[in-house]
Amino acid sequence: MTENHQDSGRPNTGIVFLVGAGPGDPSLITVKGLECIRTADVIVYDYLASPRFIQEAREDAELIYVGKKGKDHTCEQDEINDILVRKAREGKKVVRLKGGDPYVFGRGAEEAEQLVASGIPFEMVPGVTSAVAAPAYAGIPVTHREHASMVTFITGHEDPTKEETAIDWEVLARNPGTLVFLMGVRNLNTISESLIKQGRSPGTPAALVRWGTTPAQQSLFSTLARIPEDASRAGIKPPAVLVVGSVTSLHEKLNWFEQKPLFGKRILITRSRKQSRGLAEKIASLGGEPVLFPTIEIKPPEDTGPMDRAIQEIGSYDWIIFTSVNGVELFLKRFLELREDIRDLSGPRIGAIGPVTAATILSHGIKVDLLAKEFVAEGLLAQFTTDQVKGKRFLIPRAETAREVLPEQIAKMGGTVDVVPVYRACLPDASDIDHAKELLRTKAIDAVTFTSSSTVNHFVEMLGPEDLGRLLEDVVIASIGPITSQTIREKGLTSTVEAAEYTTDGLVSGLAGVFLKRRG
Ligand code: SAH
């Protein structure tokens with residue numbers, strides 16, 4: 001749906017925001033840049049812009065991919081300009097998203113000039129250029145009081161042997177500061193030779209950083225003379241920056257990013273898309289790359305009758321026990337639909353299994369009277385005496401299918417239990433099973449995380465049990481707790497690691513432990 005800006009009081013011409021999207025790590029974006037992405041009608045992006053930004057877009061935003069790797073894109077540039085002008089003339093808020101900074105070898109200025117010429121308003125939102133960020137993530141500061149008091153950004157795209165070069169190699173060779181070449185991977189030989197020929201020492205420390213700031217980052221440290229050969233041996237391809245100067249030697253001390261426990265690891269998240277975010281952020285913060293493969297989609301129960309009745313009679317319960325975040329969210333949503341006033345919930349006491357479930361309840365302004373010390377059903381029961389249960393009425397709003405331990409035990413202790421389904425964990429309507437299989441088959445996934453028994457069951461159902469052993473060979477299987485591990489075993493698999501605390505934090509710590517140990 002297109003927003004007509006006339007309605008919002010704006011004139012009916014759109015606007016183009018040229019937004020720098022950081023060189024890879026999606027958290028490297030300005031607050032303004034992110035705000036632009038979240039509110040855009042149209043996003044025009046290229047291949048260096050992280051796909052994670054696209055997830056921030058409005059669901060109805062139009063996404064136009066115009067990126068192309070390497071080589072010149074002169075003809076496409078006209079098309080890109082046309083698209084920007086056309087969409088803006090339709091009255092839309094257009095974001096032109098570019099990797100790094102739009103004005104640093106990004107042709108952003110040419111697009112801006114075209115907009116000005118067409119009378120389209122534009123704003124420029126600077127980004128973090130790879131010329132600074134990629135070295136920084138490889139432990140290289142581009143300046144340092146004892147190493148370099150200046151830094152020069154150079155396009156390495158130019159053929160230095162051509163006669164009319166815009167690059168003065170003699171001046172560069174004499175330049176006492178740091179040199180950062182972008183787009184230089186294919187010209188490493190000529191860059192190195194030209195600088196040495198003009199008098200730069202062959203032993204000058206030099207480094208290449210490929211896919212800087214991303215989990216796929218690769219760095220290579222060498223000298224000006226040797227780096228072309230070392231790079232070809234290491235198979236370094238674009239995109240990479242070449243840094244020449246003694247600052248590169250600081251990486252030994254300052255290499256913080258590549259030392260993160262999950263650095264370079266691709267980790268599959270199988271929980272519902274909506275709930276994946278927190279886990280994905282935790283994985284990324286430890287240097288890993290989260291890959292979403294939701295095996296669950298949360299839907300309302302088929303029959304809302306029992307839930308609705310429980311809500312109508314809410315005052316007759318002594319306890320409500322929540323066992324999951326989804327249970328809390330869907331129950332409260334329905335509660336407010338039917339009762340309209342949260343104060344109607346004041347009678348029963350509230351129990352929760354798991355700190356995240358408790359936090360979700362609290363986030364609705366509701367106090368938790370009892371939190372299970374062990375984050376499984378048994379943990380909660382251990383905290384009740386028979387006297388506290390006998391003759392009391394319990395409501396357990398939860399998934400349509402779930403473990404029976406809790407209701408059975410409460411009944412045994414003399415309580416009355418109403419178990420009402422408030423949601424169903426269904427297979428997702430749409431999912432890219434082939435893509436997930438391909439990633440597993442090519443060993444592009446290092447670990448799979450399971451955060452509940454249903455994620456295990458659905459994962460096996462979606463991928464098919466036949467190939468599973470082979471697909472998961474050498475893949476770390478991480479389980480959130482004993483119940484999930486048991487389901488994993490029932491499927492003939494073995495979990496490599498089980499969270500010590502049964503939360504996603506515990507899960508990620510467990511994973512980090514496995515990979516740190518392997519690294520030795
Ligand atoms: N406007 C971009 C640069 C675009 S030119 C910026 O400011 O970063 C494309 C070149 O940028 C690539 O050839 C490579 O040299 C560099 N580059 C972009 N992203 C990179 C990354 N994540 N790691 C290393 N180099 C990168």
Side-chain angles (χ1 to χ4, degrees), residues 17-30 33 44-53 66-74 76-77 80 95-112 124-142 151-160 166-167 178-188 190-192 206-221 227-228 231 234-244 248 251 255 257-258 263-264 284 287 289:
F17 289 87
L18 279 175
V19 177
D25 178 343
S27 57
L28 289 182
I29 189 167
T30 60
V44 182
Y45 66 105
D46 49 37
Y47 101 108
L48 286 173
S50 164
R52 291 258 297 276
F53 288 119
V66 293
K68 254 211 142 176
K69 296 191 207 180
K71 293 288 174 241
D72 219 342
H73 20 185
T74 327
E76 287 104 352
Q77 189 61 52
I80 295 170
V95 163
R96 170 67 175 117
L97 192 63
K98 282 171 173 284
D101 185 89
Y103 282 178
V104 179
F105 305 127
R107 308 190 69 164
E110 290 163 54
E111 293 174 13
M124 154 71 179
V125 186
V128 185
T129 178
S130 62
V132 172
Y137 271 56
I140 307 169
V142 291
V151 52
T152 311
F153 301 152
I154 309 130
T155 166
H157 200 53
E158 259 202 24
D159 180 357
I167 296 172
T178 306
L179 307 180
V180 183
F181 290 87
L182 281 78
M183 302 177 281
V185 175
R186 295 209 169 86
N187 273 334
L188 282 179
T190 32
I191 293 171
S192 158
L208 272 167
V209 186
R210 181 180 193 229
W211 281 124
T213 81
T214 75
Q217 174 172 309
Q218 214 183 334
S219 58
L220 176 91
F221 294 87
I227 205 155
I236 299 222
K237 297 197 186 75
V241 294
L242 168 68
V243 190
V244 179
T248 58
H251 85 275
N255 195 4
F257 180 62
E258 293 177 10
F263 173 73
E289 181 177 5

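Start at 1 and go down the list; that is how both ligands and their atoms are numbered.
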Tell me, which protein residue and heavy-atom name are nearest [atom], and how many Å apart are they?
| atom | answer |
| --- | --- |
| atom 14 (C) of ligand 1 | Ala240 O, 3.5 Å |
| atom 2 (C) of ligand 1 | Gly99 O, 3.2 Å |
| atom 24 (C) of ligand 1 | Val209 O, 3.3 Å |
| atom 4 (C) of ligand 1 | Phe105 O, 3.4 Å |
| atom 3 (C) of ligand 1 | Val104 O, 3.5 Å |
| atom 20 (C) of ligand 1 | Ser130 CB, 3.6 Å |
| atom 10 (C) of ligand 1 | Met183 CG, 3.6 Å |
| atom 23 (N) of ligand 1 | Gly212 N, 2.7 Å |

Take the angle between the ring planes of His251 and Phe221 and call it parallel below 30°, perpendicular above 60°, tilted in between. parallel
May I ask you to check if ligand 1 and Thr213 share an N or O to N or O distance below 3.5 Å? no
Any N or O of Gly24 that comes nearer than 3.5 Å to an N or O of ligand 1? no
Do Leu188 and Phe181 pass the side-chain contact (heavy atoms from CB on, under 4.5 Å) test, and can you show the C-alpha distance, the side-chain angles, and the key distance before you say yes or no? CA-CA 10 Å; Leu188 282 179; Phe181 290 87; over 6 Å; no
Are any side-chain N or O atoms of [X] and backbone N or O atoms of [Y], one a donor and one an acceptor, separated by less than 3.5 Å?
| X | Y | result |
| --- | --- | --- |
| Gln217 | Tyr137 | yes |
| Arg96 | Val19 | no |
| Thr30 | Gly33 | yes |

Can you find a non-hydrogen atom of Pro239 under 4.0 Å from ligand 1? yes
4.0 Å heavy-atom contact, Val241 with ligand 1: yes
For ligand 1, note which part of Val185 has a heavy atom under 4.0 Å away: side chain, backbone, both or neither. neither
At a non-hydrogen distance cut-off of under 4.0 Å, which region of Pro238 contacts ligand 1 (side chain, backbone, both, or neither)? neither
Output for pair (Thr155 OG1, Ile167 CD1), nearest 0.5 Å, gives 6.0 Å
What I'd like to find out is whether the side chain of His157 reaches to under 4.5 Å of the side chain of Arg186, using heavy atoms alone. no
Does the side chain of Asp101 come within less than 4.5 Å of Met124's, by heavy atoms? yes
The residue among Val180, Val243, Leu179 that forms side chain to side chain contact (heavy atoms under 4.5 Å, CB included) with Val151 is Val180
Only heavy atoms of Thr129, strictly under 4.0 Å: list the atoms of ligand 1 that pass. 6 (C), 7 (O), 8 (O)
side-chain contact (heavy atoms from CB on, under 4.5 Å), that's the test. Do Lys98 and Asp46 meet it? Break it down for me. CA-CA 6 Å; Lys98 282 171 173 284; Asp46 49 37; 4.0 Å; yes
